[in-house]
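Comments concern the structure below.
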Amino acid sequence: MLKENVDLKPMTTFRIGGKARWFAEPESASELGELLNRAERQGMDLRILGGGSNLLVGEAGYEGLVVRLSRTGEFNSIEEAPDQPGCWKVGASAPLPLLVKTVLSAGWTGLEELAGIPGSVGGALVMNAGTASLGIGDFVHSVTLMDRSGTVRTVDRSELDFSYRHSGIGDALALWTELRFSQRVEAPDLLEQMRQRRARKAASQPIDMASAGCVFKNPPAGPAGLLLDRADCKGMREGGAEVSGLHANFIVNLGGATAMDVATLIGKMRCAVRERFSVELELEIKTWFLDAAETAVLSGETQ
Ligand code: EPU
């Protein structure tokens, strides 16, 4: 069940990162529970990887265990309850784009806003992925979670705390969710809307390049992309990493970018916005296993 020395780079959309000493892809809740127990017994540190689309992984790698829910098995279901129209049970390893397409094809409206967002449903839930005004959490009825000791429980949305890029799920593992939709329209219209949104996205975001999506959250002062653009960040380059010319809140890997290149660029972007607008940008992407030097440049204080 455990693999050793597994390269995490191809599992991230940034295509950056080192190796995990241990790696596992459990297919069921019981397998996952066993892994958690084993990690606890052996004092192994453990991280959960979703679709890897919002993550910067350091090359230093990791001595612990990385777990990614298998895309075959119990966690990849996308099913509408036969006796409850509009009620969908979805597994955390299902790809978010597939969920969007499946629900829209059945005529339920809501998720078209999420068209074009990569990643897994689990990752999307944990960070409440979405647009500036809407997230997947808006459709959540309940989430089935496993805590780090292996206990499974289903929590109602009222026990969670969905807000902008926040879910309240914390360090528990999302296994399944129940989503509810109430409005039905003609599926062809919804699919056309989805295609249009994706086309708009392709015109304003570098979706065909290796990146981790928006680097920073939008601060109260305005969209981070707008502030970074006005602070002349587009085209800034560090090694193989560049601030996208299409959208200033994206860093793209031109090929061979290192975590240090990206961390340095992040620091420079923060610094530019701080100097120009006195605004502190907060990271939207998660960082794993950065070393002390990479962590130091990330803040933009040392530029
Ligand atoms: N803008 C610029 N220059 C840029 C980028 C943006 O002037 O380089 C301006 C735009 O013209 C627009 C405003 O900033 O007036 C907002 O831009 P956009 O519509 O692209 O939205 P956003 O706030 O930058 C948010 C999410 C995106 C999501 C889009 C979809 C955040 C941080 N970003 O972007 O999410 O795709 O809405 O509408 O909330 C992600 O989370 O990874 C992500 C990309």
Side-chain angles (χ1 to χ4, degrees), residues 1 11 23-37 39 46-55 65-106 108-111 113-115 117-130 134-163 165-182 286:
M1 187 152 69
M11 298 186 204
F23 179 78
E25 288 186 293
E27 299 207 335
S28 65
S30 61
E31 247 184 67
L32 176 62
E34 270 174 46
L35 279 167
L36 293 179
N37 283 337
L46 180 143
R47 298 276 176 116
I48 309 299
L49 180 66
S53 59
N54 196 45
L55 190 62
L65 167 64
V66 170
V67 172
R68 184 172 72 170
L69 300 184
S70 170
R71 291 186 188 160
T72 57
E74 275 183 10
F75 302 119
N76 74 345
S77 56
I78 302 179
E79 280 160 15
E80 186 171 13
D83 52 345
Q84 230 181 328
C87 170
W88 289 72
K89 187 165 177 191
V90 184
S93 73
L96 183 64
L98 184 62
L99 169 69
V100 171
K101 197 168 172 205
T102 309
V103 173
L104 296 184
S105 301
W108 295 104
T109 179
L111 291 184
E113 297 267 346
L114 306 190
I117 300 181
S120 67
V121 168
L125 283 171
V126 170
M127 64 166 298
N128 193 16
L134 176 143
I136 189 169
D138 290 291
F139 307 97
V140 166
H141 176 71
S142 64
V143 183
T144 302
L145 300 169
M146 184 182 278
D147 69 20
R148 294 286 172 133
S149 65
T151 306
V152 176
R153 67 189 189 107
T154 298
V155 296
D156 193 76
R157 66 166 297 124
S158 61
E159 295 176 64
L160 294 167
D161 177 25
F162 285 109
S163 55
R165 298 297 181 273
H166 179 80
S167 65
I169 289 175
D171 76 346
L173 284 81
L175 306 185
W176 294 280
T177 183
E178 191 181 309
L179 304 176
R180 297 266 175 103
F181 304 95
S182 54
K286 305 282 177 227

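For Pro95, the side-chain contact (heavy atoms from CB on, under 4.5 Å) partners two or more places apart in sequence, or in a different chain, are Pro97, Leu98. With sequence neighbours excluded, the residues satisfying salt bridge (Lys or Arg N to Asp or Glu O under 4.0 Å) with Arg165 are Glu284. Residues passing the side chain to side chain donor-acceptor pair (under 3.5 Å) test with Asp138, sequence neighbours excluded: none. Under the side-chain contact (heavy atoms from CB on, under 4.5 Å) criterion, Thr177 pairs with Val90, Val121, Leu125, Val140, Val143, Leu179, sequence neighbours left out. Remark: Ser105 engages Lys101, Leu191 in a side-chain contact (heavy atoms from CB on, under 4.5 Å) (not counting sequence neighbours). Residues satisfying the side-chain contact (heavy atoms from CB on, under 4.5 Å) criterion with Asn128, sequence neighbours excluded, are Ile136, Phe162. With sequence neighbours left out, the side chain to side chain donor-acceptor pair (under 3.5 Å) criterion links Thr102 to no other residue. Under the side chain to side chain donor-acceptor pair (under 3.5 Å) criterion, Arg148 pairs with no residue, sequence neighbours left out. For Glu31, there are no salt bridge (Lys or Arg N to Asp or Glu O under 4.0 Å) partners, not counting sequence neighbours.
Put simply, the side chain of Leu114 reaches to within 4.5 Å of the side chain of Leu134, judged on heavy atoms. A heavy-atom distance below 4.5 Å is not found between the side chains of Ile117 and Val100.
Panel note: side chain Ser167, backbone Val126; a donor-acceptor pair is recorded below 3.5 Å.
The shortest heavy-atom contact between Ala174 and Ala92 is O-CB, 3.1 Å. Gly119 and Ser53 make their closest contact through CA-OG, 3.4 Å (heavy atoms, listed as atom of the first residue, atom of the second, distance). Listed here is the closest heavy atom pair of Leu96 and Ala124: CD2-CB, 4.0 Å. Of all non-hydrogen atoms in Thr109 and Phe181, the two that sit nearest each other are O-CD2, 3.8 Å.
Within the structure, the salt bridge (charged side-chain N to carboxylate O under 4.0 Å, His left out) test picks out the following pairs touching residues 150-162 (sequence neighbours left out): Arg153-Glu159.
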Anything under 3.5 Å between a donor and an acceptor, one on a side chain of residues 77-89, the other on a protein residue two or more places apart or in another chain? List them.
| unit_1 | atom_1 | unit_2 | atom_2 | d |
| --- | --- | --- | --- | --- |
| Glu80 | OE2 | Gly86 | N | 2.7 |
| Glu80 | OE2 | Trp108 | NE1 | 2.9 |

Taking distance alone, no hydrogens or angles, what donor-acceptor pairs closer than 3.5 Å link side-chain atoms of residues 68-75 to residues at least two apart or in another chain?
| unit_1 | atom_1 | unit_2 | atom_2 | d |
| --- | --- | --- | --- | --- |
| Arg68 | NE | Glu25 | OE2 | 3.1 |
| Arg68 | NH2 | Glu25 | OE2 | 3.0 |
| Ser70 | OG | Thr72 | N | 3.0 |
| Ser70 | OG | Thr72 | O | 2.7 |
| Ser70 | OG | Thr72 | OG1 | 3.1 |
| Thr72 | OG1 | Glu27 | OE2 | 2.9 |
| Glu74 | OE1 | Ala29 | N | 3.1 |

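Of the inter-residue distances, the one linking Leu145 atom CG with Leu160 atom CG reads 6.5 Å to the nearest 0.5 angstrom. Rounded to the nearest 0.5 Å, atoms NE2 (His141) and OG (Ser158) are 9.0 Å apart. To the nearest 0.5 Å, the span separating CG on Asn76 from OG on Ser120 amounts to 12.0 Å. Rounded to the nearest 0.5 angstrom, Glu34 CD and Met1 CE are separated by 5.0 Å. Here the OG1 atom belonging to Thr151 is positioned 8.5 Å from the CE atom belonging to Met146, to the nearest 0.5 angstrom. The CD1 atom of Ile48 lies 9.0 Å from the CG atom of Asp171; values are rounded to the nearest 0.5 Å.
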